[in-house]
Amino acid sequence: MATPTISIDRTDPYHPPRSHLQLQSEAPITWVQMADGRQLWVLTRHEDVRAMLGDRRFSSDRRDPRHPSHTPYVGPDHRQQLIEMDAPDHTRLRRSVVGEFTVQRLAAWRPRIQEIVDEAIDAMLAGPSEVDLVEALSLPVPSKVISELLGVPYADHDFFQENSADFSRRDSTDEEKGKAIGHLKSYLADLVQHKVTSPGNDLLSRQLASGADLAEVEALGFLLLVAGHETTANMISLSVATLLDKREHLSALRDDPQLTVGAVEELLRYFSIAEVGAARLATEDVEIGGSLIRAGEGVLGLTNTANRDPDVFPDPDALDFTRMARNHLAFGFGPHQCLGQNLARIELEIVLATLLRRIPNLRLAMPFEDIPFKEQGPNYGVFELKVAW
Ligand code: HEM
């Protein structure tokens, strides 16, 4: 039998690509050819994706050319990022920073995040009554929050937003990606060097004070800056677009703001924006769900289909703010589970609650079908979202 192929093209903006869902119902663990020609295992069931991500025999180290996320453009001087490390290096580095992202620690940021959201909405209300929400709210809020947390001047946001977008866009050439990474790296190197002599009350200065070496702090700053803004921005835009399109959900949320926490969790499950985030390389022969994955083979856990697994989420295609969707895999699972998940949740909760309260007559200013969705990854989202009030 020919090796099946999968593509990331969607037929419906609310649902994972049809080829992904087809695999889940027909061949939940299978050897697949990707659109770019690479072959690897694709896992689509919740149980199997979770088992794989929780198993340290599956490596995140992308230096091995057989790793599905191997990136030839990073260059020989590349310092491994947290997300690319395996134990014990990963465990040590993650332990050194995880305290910055606990629920308790982030609770102290709530008032400041509320202020940042209110300022962005003040600016919207002070101008014309139609804006691109991506520019007015979805991008500036997480960018400002992560800048303040890290101690990166927000005045440089155009620079880091553009370079992060260039390097994460699937259609960028390796040369463009390499260039964008180079710009961000030298920016972080200058910033961290400056913090050595003039430390601030911020995460990067605290890492330096705790004895971390410069290159490690630069790499951590790079990852947090990049991972910390576009993902959350995409989720804000997708959530608002959905609420404005599916008005019954908007009304439910407006009538009962207590639903916001459940709504955020359900929207995270529903969109599972990190479509191909869970890529690993088997370092030993491992059996998953009855299939033998051999050492040296690549594996992709599709969290978007895992989060539509009917065995775990009854009626999975229904958007239901009252289902307790906390066991979704939108933030991954296991040792690499998203470090910024508590921050992303707080930002989403505050943005949605504040936007609905302060602009109750918000509506889409473009037909839903015309919204330009980011279909070519690596994260699902929208490029532009015209709204009016
Ligand atoms: C809705 C927003 C977000 C989504 C959907 C998301 C999703 C993910 C996923 C799926 C992973 C796991 C990748 C893997 O297993 O290889 C991950 C890891 C990570 N995320 Fe997020 N993320 C979000 C927001 C954030 C934010 C706001 C930050 C920073 C403050 C952040 C920082 C990180 C870091 C540092 C890792 C790597 C953790 C490790 O390797 O130990 N993310 N994220």
Side-chain angles (χ1 to χ4, degrees), residues 43 49-50 52-56 58-62 67-69 80-98 100-102 105-106 109 113 138-139 141-150 152 164 168 202-204 207 219-239 264-281 298-304 306-307 328-352 374 377-381:
L43 314 181
V49 175
R50 200 168 179 274
M52 188 274 286
L53 291 177
D55 189 326
R56 289 193 182 276
F58 291 99
S59 166
S60 290
D61 188 339
R62 302 175 186 181
H67 193 286
S69 298
Q80 265 192 305
Q81 309 275 357
L82 182 72
I83 205 164
E84 306 161 345
M85 291 177 172
D86 291 334
D89 291 346
H90 175 264
T91 320
R92 181 194 57 77
L93 182 57
R94 179 145 172 145
R95 212 170 268 158
S96 79
V97 70
V98 75
E100 299 274 351
F101 293 96
T102 60
R105 190 73 178 267
L106 291 170
W109 276 88
I113 297 173
S138 312
L139 256 181
V141 168
S143 277
K144 214 173 243 184
V145 172
I146 196 68
S147 301
E148 291 192 11
L149 210 127
L150 293 178
V152 169
S164 319
S168 50
D202 56 63
L203 186 153
L204 296 181
Q207 289 295 113
L220 191 62
F222 178 104
L223 176 63
L224 289 169
L225 191 59
V226 171
H229 74 271
E230 208 207 325
T231 43
T232 312
N234 284 328
M235 264 318 294
I236 293 174
S237 302
L238 287 168
S239 302
V264 164
E265 226 48 60
E266 175 67 345
L267 287 159
L268 284 161
R269 176 192 76 88
Y270 207 61
F271 286 109
S272 302
I273 59 168
E275 303 202 294
V276 290
R280 301 287 189 269
L281 182 71
V299 189
L300 192 59
L302 289 180
T303 49
N304 58 5
N307 283 341
H328 66 70
L329 303 176
F331 289 121
F333 182 74
H336 289 276
Q337 194 178 40
C338 181
L339 188 63
Q341 60 181 292
N342 296 322
L343 182 63
R345 286 191 174 103
I346 295 176
E347 292 182 45
L348 282 161
E349 279 167 33
I350 295 181
V351 165
L352 295 184
K374 293 183 187 171
N379 293 313
Y380 191 49

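In listed order, ligands and their atoms are each counted from 1.
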### Partners passing ring-ring contact (aromatic ring centres under 6.0 Å, His included) against Phe101 (at least two apart in sequence or in another chain)
none

#### Entry: Contacting atoms of ligand 1, where contact means under 4.0 angstrom from a heavy atom of Ala344
1 (C), 2 (C)

### Task
Show which atoms of ligand 1 fall inside a sub-4.0 Å distance from at least one heavy-atom site of Leu343.
30 (C)

### Query
Any side-chain heavy atom of Leu150 sitting closer than 4.5 Å to one from Asp202?
no

### Query
Can you find a non-hydrogen atom of His90 under 4.0 Å from ligand 1?
yes

### Task
Please list all pairs passing the salt bridge (charged side-chain N to carboxylate O under 4.0 Å, His left out) test where one or both residues lie in residues 88-97, with sequence neighbours left out.
Arg92-Glu216

### Query
Between Asn304 (side chain) and Ser272 (backbone), is there a donor-acceptor pair under 3.5 Å?
no

### Query
Considering only heavy atoms, which of Thr232, Asn234, Leu93, Leu150 lies nearest to atom 27 (C) of ligand 1?
Thr232

### Task
Could you tell me which atoms of ligand 1, counted from 1 in the order shown, lie closer than 4.0 angstrom to a heavy atom of Pro335?
41 (O)

### Query
Taking heavy atoms and a distance under 4.0 Å, where does Ala330 meet ligand 1: side chain, backbone, both or neither?
backbone

### Structural part of Phe333 in contact with ligand 1, heavy atom criterion under 4.0 angstrom
neither

### Query
Would you find more than 12 non-hydrogen atoms of other residues, nucleotides or ligands less than 6.0 Å from Arg345 atom CZ?
yes

### Query
Where's the contact between Asn379 and ligand 1, heavy-atom distance under 4.0 Å: side chain, backbone, both or neither?
neither

### Task
Report, in ascending order of atom number, the atoms of ligand 1 lying under 4.0 Å from any heavy atom of Ile273.
5 (C)

### Query
Looking at Leu82, which atoms of ligand 1 are within less than 4.0 Å of one of its heavy atoms?
38 (C), 39 (C), 40 (O), 41 (O)

### Query
Would you call Arg62 and Ile83 a side-chain contact if the rule is heavy atoms closer than 4.5 Å?
yes

### Message
Is any side-chain heavy atom of Asp61 closer than 4.5 Å to one of His67?
### Response
no

### Query
Which of the atoms in ligand 1, numbered in the order shown and given with their element, are less than 4.0 Å from a heavy-atom of Phe101?
30 (C)

### Query
Hey, are the side chains of Glu100 and Leu224 touching, using non-hydrogen atoms and a 4.5 Å cut-off?
no

### Message
With nothing but distance in play, are any N or O atoms of Gln337 less than 3.5 Å from an N or O of ligand 1?
### Response
no

### Query
Going by distance alone, is a donor N or O of one side chain under 3.5 Å from an acceptor N or O of the other, for Arg280 and Ser60?
yes

### Query
Which option, Glu100, Gln341, Arg280, Arg94, owns the non-hydrogen atom nearest atom 16 (O) of ligand 1?
Arg280

### Task
Just let me know how Leu223 lines up against ligand 1, side chain, backbone, both or neither, with a heavy-atom cut-off below 4.0 Å.
side chain

### Summary
Atoms of ligand 1 under 4.0 Å from any heavy atom of Ile146, numbered from 1 in the order shown, are 30 (C)

### Task
Could you tell me whether the side chain of Ile350 reaches within less than 4.5 Å of the side chain of Val141, counting heavy atoms only?
no

#### Entry: Atom indices of ligand 1, in the order listed, that fall short of 4.0 Å to a heavy atom of Met235
1 (C)

### Query
ligand 1 versus Leu149, non-hydrogen atoms closer than 4.0 Å: side chain, backbone, both, neither?
neither

### Query
With side chains defined as the heavy atoms from C-beta onward, is the minimum distance between Trp109 and Ile346 less than 4.5 Å?
no

